[in-house]
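Okay, structure first, notes after.
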Protein chains: 2
Amino acid sequence: MHKEHTLTKNQQIIFDLIDKSPEPMKAYSILFNVQKKGIKAPLQVYRALDKLVEIGKIHKIESRNAFIACHNSSCQVAKATAFSICEICEKVTEISSAGLSKYLANFKDKDGMKYSKYNLEFFGLCKKCRT
Amino acid sequence: MHKEHTLTKNQQIIFDLIDKSPEPMKAYSILFNVQKKGIKAPLQVYRALDKLVEIGKIHKIESRNAFIACHNSSCQVAKATAFSICEICEKVTEISSAGLSKYLANFKDKDGMKYSKYNLEFFGLCKKCRT
DNA sequence: TTACATAGTGTTATATTATAACAATTTAAA
DNA sequence: TTTAAATTGTTATAATATAACACTATGTAA
Ligand SMILES: [Zn+2]
Ligand SMILES: [Zn+2]
Ligand SMILES: [Zn+2]
Ligand SMILES: [Zn+2]
């Protein structure tokens with residue numbers, strides 16, 4: 001769905017870094033990690049992040065101000081996202097549940113309004129931290 | 001549920017301000033508005049906000065870095081919240097849907113894990129902006 | 001009441017996250 | 001090819017949030 005975009009140099013560098021990261025990355029951590037590749041200023045990072053979010057290659061974890069690569073092939077609508085976040089180790093996992101996305105996409109508020117875009121963040125303990 | 005807490009002076013001042021506001025308020029806007037009441041530093045605001053969030057009197061709209069008073073009497077679990085956000089006028093409404101909260105509270109991820117805390121933000125157009 | 005623990009306050013300084021403004025360059029159409 | 005749109009590089013600054021420390025109020029229990 002969002003694979004057709006040709007990324008620019010900065011976008012590719014930043015996407016690769018986030019994609020390889022086992023955890024969500026913060027903007028200034030990204031900046032630090034790409035300085036050796038010639039990206040020197042916060043704005044260069046934020047502009048790439050904005051674009052990557054827009055085309056759905058990455059998502060922003062709003063409660064953490066951090067960015068994670070999309071690993072959800074069923075993530076058709078770039079801005080309909082769901083995550084689980086461990087409150088101890090901060091592990092973040094993108095949830096790909098057809099049932100959940102269907103429920104949320106079909107949810108109607110009091111006025112009968114539907115919303116195709118949403119962001120859902122579940123908080124709890126991951127498998128490892130539960131034991 | 002969360003009405004029993006006795007607020008301290010700073011907490012009460014800040015809660016009253018947010019509660020009267022027709023829209024979510026940002027921390028430094030709150031600061032500006034309470035300076036005449038003797039609250040002079042960001043930390044005084046953030047500490048009150050933290051406490052008010054913790055006891056469920058207000059919620060943080062994560063995608064907007066703003067705070068709104070809880071007007072959802074069925075908001076039993078302080079940290080299980082849902083909002084609709086208008087992408088044009090930025091109107092924010094707390095959603096109180098028994099069906100939705102039940103669905104989310106009972107949602108199980110791939111590992112069968114349930115989450116009692118969550119934050120859901122729907123994005124779309126409000127009634128006024130739709131016309 | 002007195003001691004103690006807990007929570008809240010006031011203050012200064014600083015850290016972290018994000019955008020404004022402007023000039024230059026690249027890219028992709030028309 | 002020329003023109004518009006997107007991207008880049010750069011400096012400066014705005015907006016959001018926390019660290020550290022000394023002090024004060026409040027509640028609980030001996
Ligand atoms: Zn995704
Ligand atoms: Zn964990
Ligand atoms: Zn509420
Ligand atoms: Zn609106």
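Within every chain, numbering begins at 1; the chains are lettered A, B, ... in the order of the sequence lines, protein sequences first and strands thereafter.
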### Query
Between the two end axes of the helix from C:dT1-D:dA30 to C:dA30-D:dT1, each built from 5 base pairs, what angle do you get to the nearest 10°?
40°
Distances for protein N/O vs nucleotides 23-30 of chain C N/O pairs under 3.5 angstrom?
none

### Task
Check whether any side-chain nitrogen or oxygen of B:Thr8 sits under 4.0 Å from OP1 or OP2 of C:dA7, and answer yes or no.
no
### Message
Distance check needed: D:dA6 P versus A:Ile55 CD1, whole Å only.
### Response
14 Å
### Query
D:dA12 P sits how many Å from A:Lys40 NZ, rounded?
15 Å
### Query
Can you tell if the side chain of A:Ile68 reaches within under 4.5 Å of the side chain of A:Phe83, non-hydrogen atoms only?
yes
### Message
Holding to salt bridge (Lys or Arg N to Asp or Glu O under 4.0 Å), I want the full list of residues that pass it with A:Glu54, two or more places apart in sequence or in another chain.
### Response
A:Lys51
### Query
Quick one: what's the B/S/- string for nucleotides 15-24 of chain D, heavy-atom cutoff under 4.0 Å, read 5' to 3'?
-BBBBB----
### Message
Among D:dT7, D:dT10, C:dT11, which nucleotide has an atom closest to any side-chain atom of A:Lys51?
### Response
D:dT7
### Donor-acceptor contact present, side-chain B:Asp19 to main-chain B:Phe15, <3.5 Å
no
### Query
A:Gln44 pairs by side chain to side chain contact (heavy atoms under 4.5 Å, CB included) with which of A:Asn10, A:Leu49, A:Ile13?
A:Asn10
#### Entry: Transitive ILVMFWY cluster of B:Leu43, excluding itself - 4.5 Å side-chain cut-off
none
### Task
Check for a donor-acceptor pair, side chain of A:Glu94 on one end and backbone N or O of A:His71 on the other, with a separation under 3.5 Å.
yes
## Note on the structure
Looking only at heavy atoms, the pair that brings A:Lys127 and B:Asp111 closest together is NZ-OD1, 3.8 Å
Please output the side-chain donor-acceptor pairs of residues 28-36 of chain B that fall under 3.5 Å, not counting sequence neighbours, one pair per line with the distance.
unit_1: B:Asn33; atom_1: ND2; unit_2: B:Ser29; atom_2: O; d: 2.7
unit_1: B:Lys36; atom_1: NZ; unit_2: B:Asn33; atom_2: O; d: 3.2

### Query
How long is the line joining CG of A:Leu49 and C1' of C:dT19, in whole Å?
13 Å
### Message
Please report the distance, rounded to the nearest Å, between NZ in B:Lys9 and C1' in C:dA7.
### Response
16 Å
### Query
Can you check the B:Leu7 CG to C:dA7 C1' distance for me, whole Å?
14 Å
#### Entry: Atom-pair distance (CZ on A:Phe32; P on C:dT16), nearest Å
13 Å
### Message
For a 4.5 angstrom cut-off between non-hydrogen side-chain atoms, does A:Tyr115 reach A:Asp109?
### Response
yes
### Message
Less than 4.0 angstrom between a side-chain N/O of B:Gln44 and OP1 or OP2 of C:dG10, yes or no?
### Response
yes
### Message
Output the rounded distance in Å from CG (B:Leu52) to P (C:dA7).
### Response
16 Å
### Query
Does the side chain of A:Arg64 come within less than 4.5 Å of A:Glu121's, by heavy atoms?
no
### Query
C:dG10 P sits how many Å from B:Ile14 CD1, rounded?
10 Å
### Message
Measuring centre to centre across the rings, with the benzene-like ring taken for any Trp, is B:Phe122 within less than 6.0 Å of A:Phe107?
### Response
yes
